[in-house]
Amino acid sequence: MERLNRHQMAARVAKDIPEGAYVNLGIGLPTTVANYLPVDRDIFLQSENGLLGMGPAPVPGEEDWELINAGKQAVTLLTGGCYFHHADSFAMMRAGHIDICVLGAFQVSVHGDLANWHTGEPGAIPAVGGAMDLAIGAKQTFVMMELLTKQGESKLVEACHYPLTGLGCVSRVYTDVAVFEVGPSGAGVLEMVEGLAIEDLRKLTGVPLRESMALPA
Amino acid sequence: MERLNRHQMAARVAKDIPEGAYVNLGIGLPTTVANYLPVDRDIFLQSENGLLGMGPAPVPGEEDWELINAGKQAVTLLTGGCYFHHADSFAMMRAGHIDICVLGAFQVSVHGDLANWHTGEPGAIPAVGGAMDLAIGAKQTFVMMELLTKQGESKLVEACHYPLTGLGCVSRVYTDVAVFEVGPSGAGVLEMVEGLAIEDLRKLTGVPLRESMALPA
Amino acid sequence: MIDKSVVSAEAAVADIKNGSAVMIGGFGTAGMPDQLIEALIAQGAGDLTIINNNAGNGETGVAALIKAGKVKKIICSFPRQADSHHFDAAYRAGQIELELVPQGNLAARIQAAGAGLGAIFTPTGFGTLLAEGKETREIDGRQYVLEYPIHADFALIKAQRGDRWGNLVYRKTARNFGPIMAMAAKTTIAQVARIVPLGDLDPEAVVTPGIFVQRVIETAPVPLHAVA
Amino acid sequence: MIDKSVVSAEAAVADIKNGSAVMIGGFGTAGMPDQLIEALIAQGAGDLTIINNNAGNGETGVAALIKAGKVKKIICSFPRQADSHHFDAAYRAGQIELELVPQGNLAARIQAAGAGLGAIFTPTGFGTLLAEGKETREIDGRQYVLEYPIHADFALIKAQRGDRWGNLVYRKTARNFGPIMAMAAKTTIAQVARIVPLGDLDPEAVVTPGIFVQRVIETAPVPLHAVA
């Protein structure tokens, strides 16, 4: 079995983003999905801090620190993009104007509950940012994460034990070994890397998994 | 006793609008107050349909029917004025950003209740427009009306019998014979036209009236 | 390539169905998307719920839609006007249902829909006929009425210029309900005086970002100097 | 003649008092009104409640205000960052109270204050720690949390250009919370790169109408080509 690296995961997510989609990419790993969106497709990247039509990073030395993304990295604006204030930006999310948001996660439950903002450890300073708004607002929320923690525990779980970001909000989980659908009827496997069997995934995750290999190309 | 005509009433209201005030003038009689605002004072007229810094009517023949006031009359925009959408426009009212609004009325109670949108007659088609928002939203709501109906009944009343526009929202009532303050402690007379005594006003209105002739110049 | 421009008003409104809820921009005739409304009348969908500030003026636009018998219900703030005779007649004949909403609550409820809120407590209307039967609450010493968002299947709006991504700018007080209706409808259709190349609209001055607009039609061409 | 321009940042913030609630614009450092914050620190008011998206970055702005011990409570969405060490230290020492609010609820609550609403039902946060103890309600099959407006005594914001009536335009993503904070505070103070003559700002492109701004200060003069 060959696990996908982070670049391959990003490319895999990018493949499922159709032309014309309004997309918000969360900070960290999901941000890299932008690098794999085909340049011949009009895909609209939204950033919570008030821009639509976000372009790639500027040439080094030409950063404008008043043109940044949610991760506070310098970005650019595509021709046809525009700026707006924070209330309009979160209206875009909360009312389902954003088609797809891609988020990282600590844990996702088979029913689509998401935990990605707080470890709940004593002494940890919590910070939520836009995660809760994105998770429950977008038409579809994709999670992108390695399936296992460094300790080898599955991040796809029966029920999240970390504090929740949102209930039943995730529809699909892209990992380094498989793509899952999650939701009210539990989890299904849509794709696996070569050399992996569904039984292996059941062992790795410890959760019931349907075979749902019917993802349209 | 010499009653004020409509022009004199408008001039009287205008006298109480200080420099720098943000003001909304209701449709009908209140609109004429604009003609009596001193040109050397910066007073900001807001129109509910999305403009601030409303100027006078255009020269005949130069009307732009996409630049109108709440009464759908052609107006102009002063240098320094601007446009905005309806939600922002009513936010200006509802949250008390407008200092003064001037409205007409069918009836005002001594406690400041206002009735100005609906006669309640069977068969009458109701229309409320922005009256309810203006009445309760502005920092101060002034009413401008003739004291008596054509039938000689006082429009300043103990309790409105027409359907209400807002509760306890009016602070001052400018009429053709006197200026009243109204509110939680009832009505007081601030000014009368020459030749009128407060006893005459008590007879005309049939309501208890304090002498409150302490209006600062 | 995404191009939201549609060849005609007819094509733009083709999928509006019997029983649809349709927001129509405009304050009186300023900002009223006349060509889209004409196309809607010709298209034939009926039993419509219309959300507009008024209930039609004269013989065109919303008035013509009412006259044509296409409107089952209207949600508006100011139906009765000197020239609202088509609405007046339909209302008195019991052919049209009226939900009268104070104008600011109308705007706030449309904005709430566009922002994904479930309900709002607004002070406007408290203690009046228009709040009868509604939930109220005192918050911080002030009285509020609970009002629900107004959603729509379609919004028909008028703007000054648009581009193929659906970005819009408006003209003077014709802006009024356009920006918030665009946010509140599932499908927003904008008639614009001119479709301009992508990048012609200043990104700092776009009023309605393209995400809120699904279709744009250019109305009868007008000489450049008249639309500047 | 109304002229809202104030001669200095010091004069602009002079009446901020101990215990004031102060909104501060910015997302990280973009849009942070650094000169107003410096003047506020120098002015000395303490026990402040600060409303900002973050809790300071590095050594300047909100971070410096926290370091100076002026902040009793902060309402924000994203306090913990790589360079939020002054907040982290104050928080761990129990010297600062934190009200953590999801970013969209923060924006919606500020907007609700500016619009005079009493409360809003928002879906964000339902079923999470951040909604614990709050009223919830199912509306049309979706779960919502009741959230209250966030008002402030002052808003300190940064814009690109302003005029003597207080009209403002912003620059790129430095716009962020500026327009809604301006609407929600009793007194809004804007630092702008340039105060321009009345009429220089396009009335169609003004983002914050002057009614929402009480004071404008021009920051250190910058050559024209750098602020265009």
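Just so it is clear: chains get the letters A, B, ... in the order the sequence lines come, proteins before strands, and each one is counted from 1.
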Sub-4.5 Å side-chain heavy-atom contact between [X] and [Y]:
X	Y	answer
A/Tyr83	D/Val207	no
A/Thr165	D/Thr128	no
D/Gln103	A/Val128	no
A/His86	D/Ile110	no
A/Ile68	D/Phe27	yes
A/Asp88	D/Pro179	no

Between A/His85 and D/Gln111, do the side chains contain an N or O donor and an N or O acceptor separated by less than 3.5 Å? no
Identify which of [options] forms the greatest number of heavy-atom pairs closer than 4.5 Å to chain D.
options	value
A/Leu164, A/Val75, A/Asn69	A/Leu164
A/Glu66, A/Lys72, A/Met132	A/Glu66
A/Cys82, A/Pro126, A/Gly129, A/Ala91	A/Gly129
A/Gly120, A/Ala70, A/Gly50, A/Ala131	A/Ala70
A/Asp113, A/Leu134, A/Ile136	A/Ile136

Below 4.5 Å from any heavy atom of chain A, which atoms of [X] appear? Answer side chain, backbone, both or neither.
X	value
D/Tyr170	neither
D/Ser84	neither
D/Tyr91	side chain
D/Gln81	side chain

A/Ser89 portion near chain D, given a 4.5 angstrom heavy-atom threshold: neither
Between D/Pro102, D/Gly127, D/Ala131, D/Gly28, which has the largest tally of heavy atom pairs under 4.5 Å with chain A? D/Pro102
What residue in D/Leu106, D/Asn54, D/Asn57 has the most heavy-atom pairs under 4.5 Å with chain A? D/Asn54
Salt-bridge contact D/Arg171-A/Asp64 (side-chain N to carboxylate O under 4.0 Å): yes
Do any N or O atoms from the side chain of [X] and from the backbone of [Y] form a donor-acceptor pair under 3.5 angstrom?
X	Y	result
A/Arg94	D/Gly104	yes
D/Arg80	A/Ile125	yes
A/Asn49	D/Thr173	no

Mark yes when over 12 heavy atoms from residues, nucleotides or ligands other than A/Arg6 sit less than 6.0 Å from its CZ; otherwise mark no. no
A/Asn5 CG: over 12 foreign heavy atoms closer than 6.0 Å: yes
Report the distance from atom CH2 of A/Trp117 to atom OG of D/Ser77, rounding to the nearest 0.5 Å. 11.0 Å
